[in-house]
Amino acid sequence: MTTDHAIADLVQPGRVHRRVYTDPAIFEHEMARIFARAWCYIGHESQLPVAGSFIRATIARRELVVVRRENGEIAVLHNRCGHRGALVVAERSGRVNRFRCPYHAWTFRTDGRLQSVPCIEGYDGTGFDTSDPALGMRPVPRVAAYRGFIFASLTAEGVSLEDFLGPTTAAIDNMLDRAPDGRLEIAGGCFRVRQRSNWKIYLENMHDGLHPMIVHQPSIDPAREGTKKPPTPTPDSAFALGVIAANGQTYEAMAALPVRLFPFGHTEMAAFRANPATDPEFRAYREQLVGRHGEERVARLLSDNRLSTMFYPSASVQATSLQMRVIIPEAVDRTLIEVWTLRLVGAPESLYRRTVVLANTAHSPSSLIKHDDFAIYARVQDGMAADGIEWIDTRRGMNDPSTSMSEAYIRNQFAAWRAYMTEAA
Amino acid sequence: MTTDHAIADLVQPGRVHRRVYTDPAIFEHEMARIFARAWCYIGHESQLPVAGSFIRATIARRELVVVRRENGEIAVLHNRCGHRGALVVAERSGRVNRFRCPYHAWTFRTDGRLQSVPCIEGYDGTGFDTSDPALGMRPVPRVAAYRGFIFASLTAEGVSLEDFLGPTTAAIDNMLDRAPDGRLEIAGGCFRVRQRSNWKIYLENMHDGLHPMIVHQPSIDPAREGTKKPPTPTPDSAFALGVIAANGQTYEAMAALPVRLFPFGHTEMAAFRANPATDPEFRAYREQLVGRHGEERVARLLSDNRLSTMFYPSASVQATSLQMRVIIPEAVDRTLIEVWTLRLVGAPESLYRRTVVLANTAHSPSSLIKHDDFAIYARVQDGMAADGIEWIDTRRGMNDPSTSMSEAYIRNQFAAWRAYMTEAA
Amino acid sequence: MTTDHAIADLVQPGRVHRRVYTDPAIFEHEMARIFARAWCYIGHESQLPVAGSFIRATIARRELVVVRRENGEIAVLHNRCGHRGALVVAERSGRVNRFRCPYHAWTFRTDGRLQSVPCIEGYDGTGFDTSDPALGMRPVPRVAAYRGFIFASLTAEGVSLEDFLGPTTAAIDNMLDRAPDGRLEIAGGCFRVRQRSNWKIYLENMHDGLHPMIVHQPSIDPAREGTKKPPTPTPDSAFALGVIAANGQTYEAMAALPVRLFPFGHTEMAAFRANPATDPEFRAYREQLVGRHGEERVARLLSDNRLSTMFYPSASVQATSLQMRVIIPEAVDRTLIEVWTLRLVGAPESLYRRTVVLANTAHSPSSLIKHDDFAIYARVQDGMAADGIEWIDTRRGMNDPSTSMSEAYIRNQFAAWRAYMTEAA
Amino acid sequence: MTDEAAVARFLYDEAELLDCGAYDRWFALFTEDARYWVPSHPQQTDPAREVSLFYEDPALMHARIGRLRHPRALGLPVRTSHLIGNVRTDGNAPNGDLVVRSRFQMIEFVAEEQRLHGGAVMHHLVADGDSWKIRLKRVDLANAGGVFELLQAFF
Amino acid sequence: MTDEAAVARFLYDEAELLDCGAYDRWFALFTEDARYWVPSHPQQTDPAREVSLFYEDPALMHARIGRLRHPRALGLPVRTSHLIGNVRTDGNAPNGDLVVRSRFQMIEFVAEEQRLHGGAVMHHLVADGDSWKIRLKRVDLANAGGVFELLQAFF
Amino acid sequence: MTDEAAVARFLYDEAELLDCGAYDRWFALFTEDARYWVPSHPQQTDPAREVSLFYEDPALMHARIGRLRHPRALGLPVRTSHLIGNVRTDGNAPNGDLVVRSRFQMIEFVAEEQRLHGGAVMHHLVADGDSWKIRLKRVDLANAGGVFELLQAFF
Ligand code: FES
Ligand code: FES
Ligand code: FES
Ligand SMILES: [Fe+3]
Ligand SMILES: [Fe+3]
Ligand SMILES: [Fe+3]
């Protein structure tokens, strides 16, 4: 078994050992020591509109159910029957009055407590106690939400969600400020894309400002051409082509993009100032906001653009493009990514339409952009698979301020990784 | 490596640890300590009608050949050539004079002894001795049959088959008594169905009298309707619908069904008294039996109904429905089930026809009943897959007499499991 | 972990333990101790015609690139970027000026040295040194070629290629002597066939003179018939049928075929004297050779027939049939075989045409011969998969001179295996 | 439309009803004495003396449909996509039914997993106005005789 | 050739252009206002309010073709083989377009791996001389709603 | 029956003979100078200068049939199910042969395992009474160039 000491040695100043990406034993540790300890994003309150609304979630490979209780609170339960361990809920989302296990019809309240057992007299005198949490769908130790974004931790002890998220919450605040009704909602379905690589490889690409004009040249070139030559794109497609072409930033431009580093491995990358949309619908929307916040604040919040904010290790929010991405490790070399879109409640339809186009363009399984990213992730995994060369370099930008051209955010992730992985259980 | 002590702790009064269903190391132990030690069912003598008739079988993942010898005895051989280890027989059944390895044409007598080696002079002076059992298809240490039902043990020491089977033989006796000619035969082919769950999950459902009206409601409801509404079923289909609908017994009825517990983990569940079939063919058949046994004994044996008798860990016989089920573990989360039908030799065709309909209905891959059972087995496996909640409750009916509403038979299985698994090798 | 002592015990006089074919831990050792230490064949210089020509190769599961440098030398590099470990080259062959990693466009010289890094200033003051081999595509420690046949070793220390190959080079010499221009070239594409068995099972069949008339009877019979009955074969097909029928040699004939044993596990099997081809093209070709070597030498070299020469553990050359076979272990029970054909430069087209027909016949995925071989390899693997019978006999011909009817070559392979596997790392 | 084309169209429409989950309309294509048969091996001739993968009269087909729609049925929904080809009329059965042979492949998507089934199909058709009714649908799976997981959907 | 046969032939030719990598000629089959749509589930009706697996106008289709041909595109080449079947004309759309329904399976060979895709296809065709142009191609994958790896090729 | 329909029927019947194991009757469909060719890549033009997955004249085809039937052949039996589609006549070869293009998928069931093969097929047909004989059958597999396990059966 890998000792903590050995694990600590895998992350060194300026380099990490390939085993952190390829060793199944390390992956098992990551599940138990990182994902089971951190606050992991599991869903948004808008997905739980009424009492009994539920969605499924996964943390550290544990099957969970997130449910709205009658009192409006949100409970996160292990999706596992207290009787013989059966998966209680198979649907990905839905609504129930109480949960019912399909095997012997034990039922559970939305707080997970055992509610009823057919022919319970069979347990007379066995000390069977329906109030025993072990017989219910056990709730996870800690659940908290920040302005609608629900997180859970599988460990009872630890920092509060607010302390955990720290400055990353500004990304969420900004999105909410942009919503005329001050509310966000998950809408428009979800992409679930599997990548054949370790979960960290995805995270390490998150703010990588050096790769776009290189990796994405195969989509940048035709997109740029498409914006000039026929066939004439529809407005939506023109926007999509613009998004693709936008990967073609110069190194200088990328070097000017700051990436902020936060505790617990969180990071945030700024976005380019979006040229203000000029269509009438957008102007009308802007007026709505001004009515709510006043001109000055609206100017500020609309210019406060974030490309992506990473809630290490489980999710990232693309604040400006209104997208949530959830990282679900399945195996040392397999990761499921869920992509959700957020709707600014009260904003004109055209804005959400843009969000949908952007999700289709940037992260659908058919995304012209992601094709090349995902191919790269797999090539990184494959390149490190065999032994013989053991170290990965992480020195870029070690002496510079953190920008999208620096690997500072990767070092920040690994600093958190090392702390989680070596901290006593 | 898991120590015996650790293993013993996995089974406790009223609960078992999830690892017994999910840990590959435990599965390896089960193969070596349970399946390799117990008497496992491997076939029926009627499948070996003449000298040289053979069938293949599997115990603890070892490939075996069961063959009728010239002297009428039955030998069980490792399906492995003594030369370079090749699988000698690829067909699932057939007839041979001697076995011939396809690689270098070594031949073996039906008792497994090496018979001939091409160009044997190549072994001159090497101490090569054709009578060396290691060069043959090695027989398994112990083979025995009870009234046509063949069992083998991969361990030389241990209780006799009779002592092992104990009272479970009554189920076999009853089937034989129902055969006008006093003989049974395997007929009508075989279903081989793979389930994505641990072998014990299948066994633990075997006598579960609480789940039918719950799990099988999706087939009970249409079956009941089908017996009332058009389309009018054929007699066979009416019988099939009746079998499906019969899962809809009340809890009271199920609580009245005794489940008997035997040593070595064996168990037996009674069946409901079958309403005597009234068709002329059945009456004629009954007359045959009366001629053989006398009225009184026939009345008794026809009313002596057994739903299923479990020969732990390898097989169960559904005496009344004339079905053998063989449990073949493939991996910790994968199990192959073979379903065979038995023919009462001398009985009218119509009786066997019912047996076929019943097999189609109750255990074909398309079985309306099994769909929901197998889905449940997989959900139990999935629910226990992740760590976090470690124990499974087994207390139901701990203080009551053993019926199909009690988990007594599961505790009986685990008592045997624990004994096998902790017994010195 | 398996100790060297335990490993040594797996190979004993006259027998080997099944674990050498079935234990994944042993396989890991084999990669590190055998394939990573031996000289492994990775390609032929004719595949690298000009500067920048490259092919991919695999040794011990490490991805490699074999490239012709500007100075004409051949370099073998790890196909792994020194930055984040990405696989640099995805094509199986091609031509480059320098290698370019697709992720961040680091470029590498054909000797693997880092050439350029975009925005390298990001590394200022980090001690980043472009001449650091760890940042390049690291070359393997040793590369050498014997008359165009390129070998590499992943270990810095060890015998020279010449000492390693020893007398096996005669096979290569013979092929070159047969080439009118004194050159060979890889041509005509390649078969890549996966077998579901351990790599050693393939090697142990290589000189097995006892199996052909047994295993290949299903193709020998129709081939013999085909040479007699209609439909009348084309000359090419008649040749193919002859090759298939040629497996039907008597034991006496096979016993007359010497198999020579060399150090390091190498072996060589003679071929039957080919009846001199009589067609005019062949006679013309023979004249070419006589012009080059003189009659006497030509007579000798054309009668010096080798069926197969094994460069243990990575490749074999079929000198007479002008075929290279590369053995690429993928897992303990999975092996990839590459089959390449060699062209005698300067020889008439018809000779190479024969080589193609022979490859199609003898080793294409549709080969009538290989069907039965590969089925056998899988049956050997399957027969040894389960525990219970632990030893494989290797005594045949222990006291006789080594011929194709003896297992001497297998013992010779295992002597080398044991030495590699127990030699201190 | 040639007769063979009309028959092919009939088989396409039949398959589409299954793929769309229009089980009632699919069921209505069968005669009252129909059989839906998936033998356990290609040579099987007698469903009464050997087990079958499916052997259903309309009453059992109806029960299967009932389960496929039951809100508590587990391991559902199942989505299918049939590809029907090689459609050939092959004369008449003794009772005059039109015999139609075809080959198919069906993708089954259930529990987030895609599986492929395929094989030979024989229809016995009875003229019914300007269309037909199905008296027999026999499906010989390419992997009949092998190991199966559950088969819930009609082929 | 019957009309349905002619339509079928049109779909075969369309698929062949994709399988041969003749993307320009394939692209030329579409109208200027065409849409290529692979919904994220079979019931999807609005590409603007829900995400789609593909939703492309000619400009985006053109960009995809550009990438498929780009010398630096990764994870390529991809080779496909379409099998088109169950072709049925199904009346006309409100705008008069000919509605054609079919089923397909496509083998995709990429990075030394073979994958299978399949499902239902709906074409909206506009008469164009003695042939047609495609105004809409909607592909409902059998595994829509599941987890996907990358989908680079057109179905 | 239109000519293209007749050709399609001919291909269906050819495939059926393989799937039923009627190898002699299948073999009889070929001319004496026929070739059965499965190139090692789609661009292959010369079977003599590059290796092929299959390149068989009638004598070799006959030998393969002999092995498929040999009682001691290992790794058998193999059961296949062909689905033939996208059948298109494509003019005539220089020698006047009728060129027919199609796509196929074949399920192969062997050793309890189901595998899928597919790709493009080109037939060169010679008129023979009111039917045809096959002078060339070229099968371009979708995964040509990849890694293969054994290919025993004819496509
Ligand atoms: S397993 Fe849930 S009620 Fe029994
Ligand atoms: S392996 Fe059986 S005879 Fe050689
Ligand atoms: S991984 Fe190769 S350049 Fe970054
Ligand atoms: Fe990117
Ligand atoms: Fe049940
Ligand atoms: Fe051989």
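Just so it is clear, the values below take in all heavy atoms, side chains as well, and ignore hydrogens, waters and symmetry mates. Residue numbers start from 1 in every chain, and the chains themselves are labelled A, B, ... in the order their sequence lines are given, proteins ahead of strands.
No donor-acceptor pair closer than 3.5 Å links the side chain of A:Ser366 to the backbone N or O of E:Leu151. Of the possible donor and acceptor atoms, one in the side chain of A:Asn360 sits under 3.5 Å from a partner among the backbone N and O of E:Ser52. Judged purely by atom type and a 3.5 angstrom limit, E:Arg67 has no side-chain atom pairing as donor or acceptor with the backbone of A:Asp221.
The CG atom of E:Leu150 lies 9.0 Å from the OG atom of A:Ser364; values are rounded to the nearest 0.5 Å. Taken from SG in A:Cys190 to CD in E:Glu50, the straight-line distance is 11.5 Å, to the nearest 0.5 Å. With values rounded to the nearest 0.5 angstrom, A:Arg194 atom CZ is found 11.5 Å from E:Phe148 atom CZ. Distance CD/E:Glu56 to CG/A:Asp236: 13.0 Å, rounded to 0.5 Å.
For chain E, no part of A:Arg92 is nearby; none of its heavy atoms comes within less than 4.5 Å. The parts of A:Thr234 that come within reach of chain E are both its backbone and its side chain, each placing non-hydrogen atoms under 4.5 angstrom from that chain. For a residue to count as touching a neighbouring chain, one of its non-hydrogen atoms must lie under 4.5 Å from one of that chain's; by this rule E:Pro71 does not touch chain A. No part of A:Glu338 comes within reach of chain E, as not one of its non-hydrogen atoms sits under 4.5 angstrom from that chain. In this structure, no portion of A:Ile214 lies under 4.5 Å from any heavy atom of chain E. Interface remark: A:Glu349 contributes side-chain atoms only to the contact with chain E (heavy atom separation under 4.5 Å). In this structure, the portions of E:Glu149 lying under 4.5 Å from any heavy atom of chain A include both its backbone and its side chain. Neither the backbone nor the side chain of A:Arg354 comes within less than 4.5 Å of any heavy atom of chain E.
With respect to E:Arg72 and A:Asp372, no salt bridge is recorded, no charged nitrogen being found less than 4.0 Å from a carboxylate O.
E:Asp57 approaches A:Thr232 most closely through the heavy-atom pair OD2-O, 4.3 Å. The two atoms that bring A:Phe191 and E:Val51 nearest to each other are CZ-CB, 3.4 Å, heavy atoms only. Nearest heavy-atom pair, A:Val356 versus E:Pro47, reported as atom, atom and distance to 0.1 Å: CG1-O, 3.7 Å. Closest non-hydrogen pair, A:Ala375 versus E:Leu74, comes out as CB-CB, 3.6 Å.
Residues satisfying the side-chain hydrogen bond (donor to acceptor under 3.5 Å, both in side chains) criterion with A:Tyr21, sequence neighbours excluded, are A:Glu204, C:Arg84.
When A:Ala187, A:Pro222, A:Pro231 are compared by the number of non-hydrogen pairs under 4.5 Å with chain E, A:Pro231 comes out ahead. Heavy-atom pairs under 4.5 Å with chain A were tallied for E:Ala153, E:Gly145, E:Gly66, E:Ala63; the largest tally goes to E:Ala63. The most heavy-atom pairs under 4.5 Å with chain A, out of E:Ser40, E:Gly75, E:Ala48, come from E:Ala48. Between chain E and the options A:Ser237, A:Ala223, A:Ala240, the largest number of non-hydrogen pairs under 4.5 Å is found for A:Ser237. Ranking A:Lys370, A:Arg343, A:Arg196, A:Lys229 against chain E, the residue ahead of the rest is A:Arg196, based on heavy-atom pairs under 4.5 Å.
By the neighbour-count criterion of 12 heavy atoms within 6.0 Å, atom CD of E:Glu112 is densely surrounded, having more than that number from other residues, nucleotides or ligands. Other residues, nucleotides and ligands contribute at most 12 non-hydrogen atoms within 6.0 Å of the CZ atom of E:Arg49. Environment of CZ in E:Arg35: crowded, with over 12 heavy atoms of neighbouring residues, nucleotides or ligands closer than 6.0 Å.
Within the structure, every pair that satisfies the ring pair (Phe, Tyr, Trp, His ring centres under 6.0 Å) test and touches residues 62-100 of chain E, not counting sequence neighbours, is listed here: E:Phe27-E:His62.
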